[in-house]
Amino acid sequence: MQTPDPSSSYNPQQIENYVQTLWQENQAFKTTEDSNKEKYYCLSMFPYPSGSLHMGHVRNYTIGDVISHFQRMQGKNVLQPMGWDAFGLPAENAAIKNQKPPAEWTYANIDYMRAQLKQLGFSYDWDRELATCKPEYYRWEQWFFIQLLEKGLVYRKNSIVNWDPVDQTVLANEQVIEGRGWRSGALVERREIPQWFLKITDYAEELLAELDEMEGKWPTSVLQMQRNWIGKSQGIEIDFEVVDSNEKIRVYTTRPDTLMGATYLALAAEHPLLSSLSDPELQKFKEKCSQHGVSEASIEQLTKEGINTGLKAIHPLSGEIIPIWSANFVLMNYGTGAVMCVPAHDVRDHQFAVEYKLPIKQVIAPKPQEQQEEINTDQEAYTSKHGITVNSGEFNNLGFTNAFDRIADALEKQGKGERKINYRLRDWGVSRQRYWGCPIPVVHCEKCGTVPVSEDQLPVTLPEDVVVQGDGSPLTRLENFTQTHCPKCQQPATRETDTFDTFFESSWYFARFTCSDANAMVDKRANYWLPVDQYVGGVEHAILHLLYSRFFHKAMRDLKLINSNEPFERLLTQGMVLKNNEKMSKSKGNTVDPQPLIDRYGADTIRLFMMFASPPEQSLEWSDAGVEGASRFLKRFWHFTMAYIEEHHKEAPITDLKLAKLSESQLNFRFSTYQALEKATQDIQRNHFNTAIAAMMSLLNEAYRYLIKEQQDSALIKEALLIMIRVLAPITPHICQYLWEQINQKNELLCFQAWPEVDNNALKRTTVTIVVQVNGKIRGKIEVATNAPEENVVKAAVIAPTVKKHIENQKIIKTIYVPNKLISLVIKP
RNA sequence: GCCCAGGUGGCGGAACUGGUAGACGCAACGGACUUAAAAUCCGUCGAUAUUUGAUAUCGUGCCGGUUCGAUUCCGGCCCUGGGCACCA
């Protein structure tokens with residue numbers, strides 16, 4: 001390796017090669033468990049190996065790397081691993097297109113992207129690298145699945161999927177475009193098939209309750225989204241008897257206070273009660289409902305449609321006969337697949353009632369004393385919970401809570417209903433009818449039914465050398481794979497050909513990184529490292545991935561595999577990377593490939609631009625000119641430092657600062673140095689890397705303007721440079737490592753140097769500038785002694801010329817003083 | 001449709017807990033250096049009015065409120081983005 005020439009101009013490629021080799025030779029980022037040091041586990045969401053890195057990856061991994069470097073310089077034992085979320089749909093699509101096995105495509109992508117990450121100089125412990133598509137990884141999730149099965153946290157039930165009748169395959173929601181299959185263009189149908197489910201709902205209460213403990217450590221918005229997603233509600237399950245039948249329809253409501261206003265019931269098209277009816281109109285309606293995707297967003301935006309089933313139900317309290325309708329907005333997947341409808345007090349029920357001319361019965365009215373304007377439930381639903389009951393017979397004149405309780409009591413007494421806490425959260429369906437995923441380790445035996453594979457037979461290995469054609473999973477055609485023996489009775493049996501949802505792999509990889517070579521799912525090293533101290537990733541994962549990971553972590557805890565309750569102590573959700581105000585995506589053809597930029601400017605410039613352009617949580621707009629600016633700053637930084645070493649330092653190394661002898665202007669420069677350090681340190685701690693960089697830019701600008709006249713000036717500049725190099729080290733580690741070597745004239749690793757400390761003496765000031773306001777408007781600035789008492793400040797303020805003319809002949813009736821900052825004078829208008 | 005964010009100069013953003021709106025950077029413009037250009041360095045840079053100066057008024061998506069003082073808090077809108085359970 002050639003050592004870069006200090007006399008040349010800034011050559012990022014040369015420096016970055018040199019520094020990366022230096023790290024590698026020293027195994028700088030290889031991490032082992034060390035009980036003498038405080039551990040810090042920093043994790044960025046691992047990438048799907050789609051082909052090459054995109055800007056979102058670069059941003060994500062730079063943020064994680066900055067945090068890792070910063071914590072390392074705080075003296076912590078930092079683990080930062082990297083791996084590959086390697087199973088998934090895009091590999092199958094690429095396989096169809098290229099007629100190559102998904103495995104081949106995936107491994108090639110991993111190799112390319114790994115090289116890109118190395119080029120960007122991220123401080124990963126590559127010894128812990130893992131790929132989820134490798135048997136040594138997924139065998140442990142097969143094992144885990146069997147443990148969950150034995151614990152009763154797994155079950156199989158029928159569930160609805162999108163079915164493409166032409167391609168004869170199950171479609172993901174994203175593959176359904178306006179109700180049609182994306183490849184075939186055929187109208188999508190709904191189809192019911194048996195699927196495996198994990199009982200995440202068993203953990204609903206804990207998953208919800210623990211969110212309160214995470215306040216301040218996770219973004220409030222993510223906590224709120226998770227709360228709403230889990231959606232705990234208190235309500236009542238009510239049975240409506242069907243007229244001339246033994247059947248009952250069970251509904252759930254959080255508004256039993258409006259029960260007396262229920263004028264019809266609505267059932268999902270797939271509701272079992274409707275399966276025996278042969279009315280042709282109803283069949284048509286069911287068919288229409290089945291020709292639609294299953295995603296909630298598309299269903300909620302449908303025009304509300306329904307049909308009268310002809311069936312009738314008996315109101316459990318009033319005994320009234322009410323009609324039973326079927327409606328396209330009621331979903332079999334949610335709750336009981338049936339709802340009671342109260343058009344007077346629910347917006348959607350109201351719309352539907354108006355459309356189909358169903359009766360509207362008002363049973364809640366505003367409290368008389370609070371009534372501001374007339375309400376007319378024929379016109380609009382009155383949804384407030386702050387009214388009182390009317391038209392409700394014995395339940396009249398009650399507020400929400402009382403009405404809830406009295407009606408619940410009445411129903412429970414008659415055995416027609418019961419109080420129930422409900423969660424919106426549904427169990428996690430993990431079966432996928434796809435090839436490129438982890439095989440679900442069960443066997444179907446004619447005699448014994450569905451039997452888990454015995455642990456000594458794991459892993460169930462996915463054959464990698466296959467051709468995918470897009471007409472369903474190739475696994476079903478591979479007899480070598482499907483033909484097996486029942487683990488229980490040893491008779492011939494067939495393997496399950498469904499694979500796991502890829503969220504399965506990403507729900508525990510953070511634990512595997514702590515011991516990626518363990519001959520178990522995890523070993524005791526997991527308890528040294530977990531929980532992850534800082535997790536960094538896209539905000540688009542705010543709900544599903546994070547919730548599933550939290551669930552897995554708790555399930556692993558209950559299997560005594562780990563001893564913490566939550567996987568991620570702190571969470572940083574980064575915003576999107578935009579180009580021309582649009583999310584970058586291949587389909588829009590507006591991606592910026594980082595590779596040419598890395599080749600042209602080097603890793604440090606790209607990293608600096610990414611961190612400077614906006615704070616991590618906000619979306620970042622890509623700008624070629626901005627990259628140019630970042631590059632310019634690094635050149636300035638380089639030239640200034642190298643010129644300084646050449647002119648002032650090389651021949652005659654700088655002597656120490658003599659603090660007592662500094663002049664006014666020298667003290668001012670030193671003040672600026674430490675003010676910048678203090679600001680940058682605080683900003684990095686709160687993840688505002690952009691303003692930390694701005695502070696260093698300002699300091700460099702000031703250093704440029706500062707004239708070196710004597711040794712003490714020289715020492716001050718050196719002090720400032722040593723601070724700049726260390727503060728920028730996490731962001732632009734290569735250039736800083738090199739400048740550190742040059743200025744100190746020795747080869748040592750900058751990444752293990754201590755973070756510079758603020759000298760509070762340098763920040764002491766004898767006077768401060770105070771803003772003077774009159775009636776809230778700024779009218780002047782005055783210079784006063786630090787911590788001056790209010791009366792002195794007021795005296796100085798009123799005689800300041802720009803202030804004086806605004807208070808002439810007026811009496812000051814009030815003053816507000818914010819010490820060292822502001823004095824506000826209030827005069828009569 | 002439901003849940004969660006965001007909206008500040010020509011542009012990216014700053015203002016941390018209600019206290020100087022526009023730090024830092026980009027672009028633009030002016031100057032220095034140069035035969036010239038690039039690069040580099042120095043300077044100007046929200047709008048309007050009186051007008052060399054300085055000062056005043058307006059200005060943080062829109063409308064209203066609280067306050068001595070609001071980008072920040074409250075109420076109501078508009079727009080954009082993320083998620084909605086089989087994209088990852």
Side-chain angles (χ1 to χ4, degrees), chain A residues 45 47-48 50 85 87-90 161-162 170-176 195 219-229 231 294-302 304 329 333 347-348 425-434 501-503 506 538-545 547-548 573 575-576 578 581-583 609 612-615 617-630 632-633 635-636 639 679 682-683 686 688 690-691 693-698 701 704-705 769-778 781 802 813-816 818 821-827:
Chain A
M45 289 180 186
Y48 176 77
S50 54
D85 189 13
F87 278 136
L89 201 47
V161 294
N162 302 307
V170 176
L171 296 177
N173 282 335
E174 97 161 350
Q175 297 175 309
V176 180
Q195 309 235 58
T220 332
S221 57
V222 174
L223 296 175
Q224 198 53 41
M225 278 190 268
Q226 294 221 347
R227 282 190 192 102
N228 294 339
W229 186 264
V294 297
S295 86
E296 186 182 324
S298 63
I299 289 162
E300 290 274 335
Q301 282 168 78
L302 286 177
K304 310 286 174 278
F329 58 81
N333 293 12
V347 174
R348 193 173 59 186
L425 180 70
R426 306 199 303 262
D427 278 336
W428 176 12
V430 293
S431 304
R432 296 292 179 270
Q433 296 68 48
R434 302 197 200 295
D501 177 4
T502 56
F503 275 126
S506 57
V539 65
E540 67 273 18
H541 294 294
I543 297 176
L544 291 178
H545 162 62
L547 198 62
Y548 291 147
T573 51
M576 303 270 153
L578 310 171
N581 244 331
E582 277 184 350
K583 182 182 172 178
F609 167 73
F612 182 61
S614 64
E617 308 234 347
Q618 285 181 33
S619 59
L620 178 151
E621 191 153 338
W622 184 258
S623 145
D624 295 331
V627 181
E628 196 62 53
R632 195 176 303 155
F633 170 74
K635 281 185 206 158
R636 265 165 73 80
H639 283 297
K679 175 160 178 54
Q682 287 168 358
D683 286 349
R686 62 188 183 116
H688 284 217
N690 56 333
T691 50
I693 294 165
M696 290 302 108
M697 286 176 167
S698 296
N701 288 342
Y704 257 91
R705 286 192 291 264
T769 306
I770 297 242
V771 170
V772 185
Q773 292 186 348
V774 178
N775 282 358
K777 294 202 174 193
I778 294 151
K781 287 169 194 180
T802 52
I813 54 172
K814 191 179 171 188
T815 60
I816 297 110
V818 184
K821 220 171 203 178
L822 170 138
I823 181 84
S824 184
L825 311 172
V826 185
I827 57 174

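First the proteins, then the strands, lettered A, B, ... as listed; each starts at 1.
- Distance check on atom C1': B:C87 versus B:C29 gives 48 Å, rounded to whole Å.
- Here A:Trp229 lies in heavy-atom contact (under 4.0 Å) with a base.
- Summarising the geometry, the separation between CG on A:Asn228 and C1' on B:C3 is reported as 6 Å, rounded to the nearest angstrom.
- Under 3.5 Å, the side chain of A:Ser824 and the base of B:C68 form at least one donor-acceptor pair of N or O atoms.
- With B:A23, B:C86, B:C16 as the choices, the nucleotide that has an atom nearest any side-chain atom of A:Ala694 turns out to be B:A23.
- Within 6.0 Å of atom NZ in A:Lys304, more than 12 heavy atoms from other residues, nucleotides or ligands are found, so the atom counts as buried in its surroundings.
- For B:G9 and B:A23, the P atoms lie 13 Å apart once the distance is rounded to whole Å.
- For B:U55 and B:C62, the C1' atoms lie 31 Å apart once the distance is rounded to whole Å.
- Using atom P as the reference point in both B:C26 and B:G19, the two lie 30 Å apart (nearest Å).
- The CD atom of A:Glu617 sits 13 Å away from the C1' atom of B:C4 (whole-angstrom rounding).
- Nucleotides B:U71 and B:U8 are separated by 14 Å at their P atoms, to the nearest Å.
- Within the nucleic acid shown, A:Leu302 has no heavy atom closer than 4.0 Å to any nucleic acid atom.
- For A:Gln433 against B:C86, a side-chain-to-base donor-acceptor contact under 3.5 Å is present.
- Listed candidates were B:C42, B:C87, B:G25. Nearest to the side chain of A:Tyr704 is B:C42.
- Nucleic acid contact for A:Asp683: none, since no nucleic acid atom lies under 4.0 Å from a heavy atom of the residue.
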Restricting to nitrogen or oxygen on both sides, can you table the protein-nucleotides 54-57 of chain B pairs closer than 3.5 Å?
residue: B:U57; atom: OP1; partner: A:Arg779; partner atom: NH2; Å: 3.4
residue: B:U57; atom: OP2; partner: A:Arg779; partner atom: NH1; Å: 3.3

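- To the nearest angstrom, P of B:U17 lies 9 Å from NE2 of A:His688.
- When each of B:A27, B:C24, B:A14 is scored by its nearest atom to the side-chain atoms of A:Arg632, the top-ranked nucleotide is B:A27.
- Here the nucleotide nearest the side chain of A:Gln773, chosen from B:A88, B:C86, B:C68, is B:C68.
- With both ends at atom C1', the span from B:G81 to B:G61 equals 15 Å, rounded to whole Å.
- Comparing A:Asp427 and A:Asn690 by the nucleotide of RNA chain B that holds the closest heavy atom to each, the one mapping nearer the 5' end is A:Asn690.
- When the nucleotides B:G1, B:A88, B:C24 are ranked by their closest atom to the side chain of A:Asp85, B:A88 comes out on top.
- Straight-line distance between the P atoms of B:U72 and B:C16: roughly 13 Å, to the nearest whole Å.
- Remark: the A:Lys781 side chain and the B:U20 base include a donor-acceptor N/O pair separated by less than 3.5 Å.
- Taking only side-chain atoms of A:Ala172, from C-beta outward, the nucleotide of B:A27, B:C87, B:A88 with the closest atom is B:C87.
- Annotated as syn: B:G9, whose glycosidic dihedral is within 90° of 0.
- Side-chain contact between A:Glu617 and A:Thr573 is present, with heavy atoms from C-beta onward closer than 4.5 Å.
- Distance, A:Ile543 CD1 to B:A5 P: 12 Å, rounded to whole Å.
- Nearest to the side chain of A:Asn173, among B:A85, B:G19, B:G13, sits B:A85.
- For A:Arg636, whose side chain is taken as the heavy atoms from C-beta onward, the closest listed nucleotide among B:C42, B:A15, B:C24 is B:C42.
- Here the separation of B:G22 from B:C45, taken at their C1' atoms, is 12 Å to the nearest Å.
- In this structure the side chain of A:Leu89 never reaches within 4.5 angstrom of the side chain of A:Tyr48, judged on heavy atoms.
- If you check B:A14, B:G82, B:G12 against the side chain of A:Ala613, the one that comes closest is B:G12.
- Pair assignment for B:C45: none, as no Watson-Crick or G-U wobble contacts are both less than 3.5 Å.
- At the heavy-atom level, A:Ser431 lies under 4.0 Å from base atoms of the strands shown.
- Residue-level contact check: A:Glu540 touches the bases, meaning some heavy atom is under 4.0 Å from a base atom.
- Each of A:Leu822 and A:Phe612 lies near RNA chain B, and the nucleotide nearest A:Leu822 is the one positioned closer to the 5' end.
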